[in-house]
Amino acid sequence: MPHFAPVRVRGALPLPGRLVRHRRRAVALGLAVTAAALVAAGPRDADRSRGHPDGSPAARAASVPPEDRPARHAGTTVTAAVRIADAATVRLLRPGDRVDVIAAGETVPGGEARVVARGARVAEVPEAADGAGDGGALLVLSVPRATAAGLVGASATARLAVTMC
């Protein structure tokens, strides 16, 4: 039998050698797969939470007294559309301006003016509708959720005015 030189395969490392050589890629791939699995298995709003008969966030929030609710809900900003009595004042405002909203009129207890919202950010100043007359002007304000209810309620019972901060 003739003598043959040993057969050598070039370019391929044994399996453990490849893993060592590409360790960073393997770790990155493992972390990515773990993160994807955690996101896929994470809680959903439609799922019931552990220990709660109805796991929806709205149901959980409704079952907790307002004084015990987390502070993160209090800082949520919402937009509220209110009618300001003096349309000319509203025309002076631009989005981004800060205003204090004051409720005044005969329907306010004691007839005194009260501040309903402090430092509210003007989100939008809609164009006046034709024929709006002397009914004031609409103003869209960005305020904390806790302030929005009082602001909209005051707009239904009193005349509102704004002062620029």
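One-based numbering along the sequence shown. Note that the structure is a prediction, hence the values are computed from the model and not measured.
Taking both residues in full, the closest heavy atoms of L160 and R83 are given as CB-O, 3.9 Å, listed atom of the first, atom of the second, then distance. What you find for P126 and L139 is that their closest heavy atoms are CD-CA, 4.4 Å.
Checked against side-chain contact (heavy atoms from CB on, under 4.5 Å), A149 has no partners two or more places apart in sequence or in another chain. Among residues two or more places apart in sequence or in another chain, the side-chain contact (heavy atoms from CB on, under 4.5 Å) test is passed with A88 by D86, R91. Partners of S155 according to the side-chain hydrogen bond (donor to acceptor under 3.5 Å, both in side chains) rule, which considers only residues two or more places apart in sequence or in another chain, do not exist here.
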(request) Given side-chain contact (heavy atoms from CB on, under 4.5 Å), test V122 with V140 step by step and report yes or no. (result) CA-CA 6 Å; V122 175; V140 181; over 6 Å; no
(message) Test side-chain contact (heavy atoms from CB on, under 4.5 Å) on L93 and V162; report intermediate values, then the result.
(response) CA-CA 10 Å; L93 300 174; V162 293; 4.1 Å; yes
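Hydrophobic cluster membership is shared by M164 and V125, with clusters built from Ile, Leu, Val, Met, Phe, Trp and Tyr side chains linked at under 4.5 angstrom.
The hydrophobic cluster analysis finds L138 isolated: no Ile, Leu, Val, Met, Phe, Trp or Tyr side chain comes under 4.5 Å of it, directly or through other members.
No side-chain heavy atom of T77 sits under 4.5 Å from any side-chain heavy atom of V143.
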Show me, pair by pair, the donor-acceptor contacts under 3.5 angstrom made by side chains of residues 96-105, not counting sequence neighbours?
unit_1: D97; atom_1: OD2; unit_2: R94; atom_2: N; d: 2.8
unit_1: R98; atom_1: NH1; unit_2: G119; atom_2: O; d: 2.8
unit_1: D100; atom_1: OD1; unit_2: G119; atom_2: N; d: 2.8

